[in-house]
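First the structure, in the form of structure tokens, and then the observations on it.
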Amino acid sequence: MRLASFQITNFRSINDSGSIDSTQLTAILGRNDSGKSNLLRALHSLNPAEGITELSPIKDFPRHRRLEECQADTPVVATRWALDEGEWAELAEMLPRAANVRHVTAGRGYGTARWTGLEGLAELSLDVSDIKGKVRKIVPAVKAAAEKVAEEARATLEQEADAFDAAMILSPDYIRWSEGAVKALQTLRKALAAADAELSDKQEQMLVELEDMARAIANDTPALAKAKQWVLEKLPRFIYVDEYPALPGRQNIADYLVRKGWGQAAPVQQGFEKLCKAAGLDPQQLQDLLDKNDLATRNQLVNRAGAVVTSEIRRLWKDRELKVRFNLDGPYMDTLVSDPDDTYEVEVNLDERSRGFQWFFSFYITFFADTKGGRAGDAILLLDEPGLHLHARSQADLLEHFERDFGNQIIYTTHSPFMVPVHRPDAVRTASMGPSTGTIVSNKAEGDERTLYPLRAALMLSRMTNESATPVEESTLAAVPVQ
């Protein structure tokens with residue numbers, strides 16, 4: 001499923017955000033304290049990777065409103081999702097009258113209950129004239145068949161024919177009608193079998209069609225419930241990230257294995273696990289080789305891992321060419337970074353690199369591990385101000401990385417011109433805050449000068465540098481209003 005739009009209400013600074021369209025990459029621009037982070041936090045709560053929990057009225061309900069206004073079902077998140085072709089077919093097989101459903105909805109309130117909907121779901125309906133026509137032909141046929149059976153079975157069969165005729169009279173409550181119709185059809189079949197009476201092939205076919213119709217209606221309620229549960233199970237998980245903790249440049253492999261075995265791995269050890277996953281290393285294998293004193297194989301493994309990570313870092317980090325090397329020192333593994341093109345190549349521990357590079361390296365490791373089979377593989381990434389510590393050119397590289405290397409939908413907030421996808425104006429949203437309205441979001445470039453500054457600056461830079469300026473961007477710049 002692909003997130004088509006979302007709307008946040010009754011959450012912190014947000015009374016009603018309005019409907020926010022979502023594309024593969026969605027950038028939300030806004031000045032500081034405009035509520036951008038609150039949009040992501042609320043959306044994350046719909047289906048967090050960590051599991052859904054109650055929201056806190058004291059912490060999350062808008063402060064200017066009375067707490068008694070907040071109930072478990074007070075709406076917070078409403079989302080709309082587009083189904084792919086495989087999902088259309090799966091849903092229609094589960095619930096036949098959902099054959100034309102192409103979008104589904106899901107939402108939540110302050111409690112843990114979530115609700116779903118199926119857009120375009122056909123009404124539960126029956127062809128009344130068709131049913132009446134079949135019944136008018138079947139009842140006389142059963143009575144005619146009763147004339148040919150033994151005397152003791154005749155009366156019973158005629159009574160069941162009359163009972164069937166009465167049960168098939170339609171009522172406005174189709175579900176209740178179908179339950180009675182299914183029983184009447186079963187009873188009629190038993191009576192025909194007991195009397196050893198037979199209907200013609202055409203009449204038998206009509207009876208089968210009535211049975212299928214009645215069962216389909218009777219099964220609609222559980223099928224609908226199953227379909228709604230299916231929507232919840234299909235929802236991609238949301239991963240919200242506002243901090244990217246730096247990965248320590250020195251790790252104790254043995255300590256990591258012990259802590260992991262106890263289920264007590266700290267964030268530092270969890271980061272090391274992701275580093276190993278991205279590098280193609282198995283910490284247990286490295287420890288086993290150390291125990292066997294097979295240092296040559298250990299070094300070969302980490303040399304290959306260093307080459308793999310270096311290749312990816314050079315593809316993504318274009319500020320300068322760097323080399324990553326992993327060094328084993330007994331139970332310790334060091335992550336070392338050097339500048340091969342420098343006159344004097346200096347290799348330093350990852351901890352000693354710039355804060356911007358440490359952030360980028362941590363981001364690369366975290367999301368490479370998570371999106372290549374990790375917990376973020378089918379997730380929607382919600383990133384709050386990514387790349388704050390990066391150089392302007394590296395921020396542009398990061399934006400390119402989002403577009404080129406991620407299959408995930410990404411929604412992120414920013415106020416940096418270098419994180420604005422100027423070549424995709426349809427991906428830009430603007431958030432603003434009003435004293436009475438709270439946080440609202442526009443799917444168009446609307447807002448005051450501060451709100452629109454990153455977009456205007458990005459478009460001006462693109463035009464001046466002529467790196468990726470297009471007629472679309474020229475017209476976009478001219479069309480950006482200032483309120």
Does the side chain of T430 come within less than 4.5 Å of V441's, by heavy atoms? no
What's the spacing between E123 CD and Y174 OH if we round to 0.5 Å? 10.0 Å
Taking only Lys NZ, Arg NE, NH1 and NH2, and the carboxylate oxygens of Asp or Glu, determine whether R176 and E179 approach each other closer than 4.0 Å. no
Contacts of D212 that satisfy side-chain hydrogen bond (donor to acceptor under 3.5 Å, both in side chains) - sequence neighbours left out: none
Going through the distances and angles, do D21 and R429 end up as a salt bridge (charged side-chain N to carboxylate O under 4.0 Å, His left out)? CA-CA 8 Å; D21 294 338; R429 313 285 177 262; 5.1 Å; no
Rounded at 0.5 Å granularity, tell me how far CG in D282 sits from SG in C276. 8.0 Å
Regarding T439 and S13, do their side chains bring together a donor and an acceptor under 3.5 Å, going by distance alone? yes
Are side-chain N/O atoms of D127 and S129 paired as donor and acceptor at under 3.5 Å? yes
For Y110 and P62, work out which heavy atoms get closest and say how close. OH-CD, 4.3 Å
Flag side-chain contact, heavy atom, 4.5 Å: I411 against Y240: no
Step-by-step salt bridge (charged side-chain N to carboxylate O under 4.0 Å, His left out) determination, K36 to D384: CA-CA 8 Å; K36 301 188 302 296; D384 199 1; over 6 Å; no
Measuring from atom CG of L157 to atom CG of L188, what distance do you get when rounded to the nearest 0.5 angstrom? 7.0 Å
May I have the step-by-step check of side chain to side chain contact (heavy atoms under 4.5 Å, CB included) for K228 and W115, ending in yes or no? CA-CA 8 Å; K228 290 186 174 183; W115 49 84; over 6 Å; no
Between R237 and D378 (salt bridge meaning N to carboxylate O under 4.0 Å), is one present in this structure? yes
More than 12 heavy atoms from other groups under 6.0 Å of CZ on R189: yes
Which heavy-atom pair separates I28 from A431 by the least distance, and what is that distance? CG2-CB, 4.0 Å
Does some side-chain heavy atom of Q24 sit less than 4.5 Å from a side-chain heavy atom of R424? yes
Please confirm whether F402 and Y412 have ring centers closer than 6.0 angstrom. yes
Could you walk me through whether Y256 and Q287 satisfy the side chain to side chain contact (heavy atoms under 4.5 Å, CB included) test, starting with their C-alpha distance in whole Å, then the side-chain angles of each, then the deciding distance to 0.1 Å, before giving a yes or no? CA-CA 10 Å; Y256 158 76; Q287 186 62 34; over 6 Å; no
Counting heavy atoms not belonging to D288, are there more than 12 under 6.0 Å from its CG? yes
Among all residues two or more places apart in sequence or in another chain, which pass the salt bridge (charged side-chain N to carboxylate O under 4.0 Å, His left out) test with E198? none
What side-chain donor-acceptor pairs closer than 3.5 Å can you find for residues 40-48, not counting sequence neighbours?
{"residue": "R41", "atom": "NH1", "partner": "N38", "partner atom": "OD1", "Å": "3.2"}
{"residue": "H44", "atom": "NE2", "partner": "E50", "partner atom": "OE1", "Å": "3.4"}
{"residue": "S45", "atom": "OG", "partner": "A42", "partner atom": "O", "Å": "2.6"}
{"residue": "N47", "atom": "OD1", "partner": "R114", "partner atom": "NH1", "Å": "3.0"}
{"residue": "N47", "atom": "ND2", "partner": "L235", "partner atom": "O", "Å": "3.1"}
{"residue": "N47", "atom": "ND2", "partner": "P236", "partner atom": "O", "Å": "3.1"}

Evaluate whether atom CZ of R65 has more than 12 neighbouring non-hydrogen atoms of other residues, nucleotides or ligands under 6.0 angstrom away. yes
In terms of side-chain heavy atoms, does Q269 have a donor or acceptor partner in E273 at a distance below 3.5 Å? no
Quick one: sort the F360 and H401 rings into parallel, tilted or perpendicular, breaks at 30° and 60°. tilted
Please tell me if the side chains of T414 and P454 come closer than 4.5 Å, counting only heavy atoms from C-beta onward. no
Is the number of heavy atoms from other residues, nucleotides or ligands within 6.0 Å of CZ (R404) greater than 12? yes
In sequence, state the C-alpha distance, the side-chain angles, and the governing distance for Q203 and S200, and then conclude on side-chain hydrogen bond (donor to acceptor under 3.5 Å, both in side chains). CA-CA 5 Å; Q203 293 156 356; S200 69; 3.1 Å; yes
Does a side-chain N-to-carboxylate-O contact under 4.0 Å join E160 and K190? no
For V76 and N10, work out which heavy atoms get closest and say how close. CG2-O, 4.4 Å
R315 and D405 ion-paired at < 4.0 Å: yes
Taking atom CG of L67 as the centre, report whether more than 12 heavy atoms of other residues, nucleotides or ligands fall under 6.0 Å from it. yes
S416 versus Q395, side-chain donor and acceptor atoms under 3.5 Å: yes
What orientation do F406 and F363 show, parallel under 30°, tilted 30 to 60°, or perpendicular over 60°? tilted
Can you list the residues that meet the side-chain hydrogen bond (donor to acceptor under 3.5 Å, both in side chains) rule with D60, with sequence neighbours excluded? R12
Could you please spell out the steps behind the side chain to side chain contact (heavy atoms under 4.5 Å, CB included) verdict for L95 and L121? CA-CA 10 Å; L95 182 66; L121 180 65; 3.8 Å; yes
Side chains of Q159 and T156, donor plus acceptor under 3.5 Å: no
Got a list of side-chain donor-acceptor pairs under 3.5 Å for residues 140-149, not counting sequence neighbours?
{"residue": "K143", "atom": "NZ", "partner": "D162", "partner atom": "OD1", "Å": "2.7"}

Derivation of the side chain to side chain contact (heavy atoms under 4.5 Å, CB included) call for N15 and I440: CA-CA 8 Å; N15 294 317; I440 55 175; over 6 Å; no
Could you tell me which residues satisfy salt bridge (charged side-chain N to carboxylate O under 4.0 Å, His left out) with R31, sequence neighbours excluded, listed by chain and number? D448
Between the CD atom in Q409 and the CG atom in L381, the distance rounded to the nearest 0.5 Å is 10.0 Å
More than 12 non-hydrogen atoms from neighbouring residues, nucleotides or ligands closer than 6.0 Å to CD on E93, yes or no? no
Taking the six-membered ring where the residue is Trp, are the ring centres of F238 and F6 under 6.0 Å apart? no
Can you tell if the side chain of Q7 reaches within under 4.5 Å of the side chain of I20, non-hydrogen atoms only? no
Rounded to the nearest 0.5 Å, what separation is found between the CD atom of E119 and the CG atom of N100? 13.0 Å
With side chains defined as the heavy atoms from C-beta onward, is the minimum distance between L118 and V231 less than 4.5 Å? yes
For the atom pair NZ (K132) and CG (D165), what is the distance rounded to the nearest 0.5 Å? 11.5 Å
Testing the basics here: between W230 and E90, what is the closest heavy-atom pair and its distance to 0.1 Å? NE1-OE2, 2.9 Å
May I ask you to establish whether R102 and W88 are in a cation-pi arrangement, using a distance under 6.0 Å from NZ or CZ to the six-membered ring centre and at most 45° from the ring axis? yes
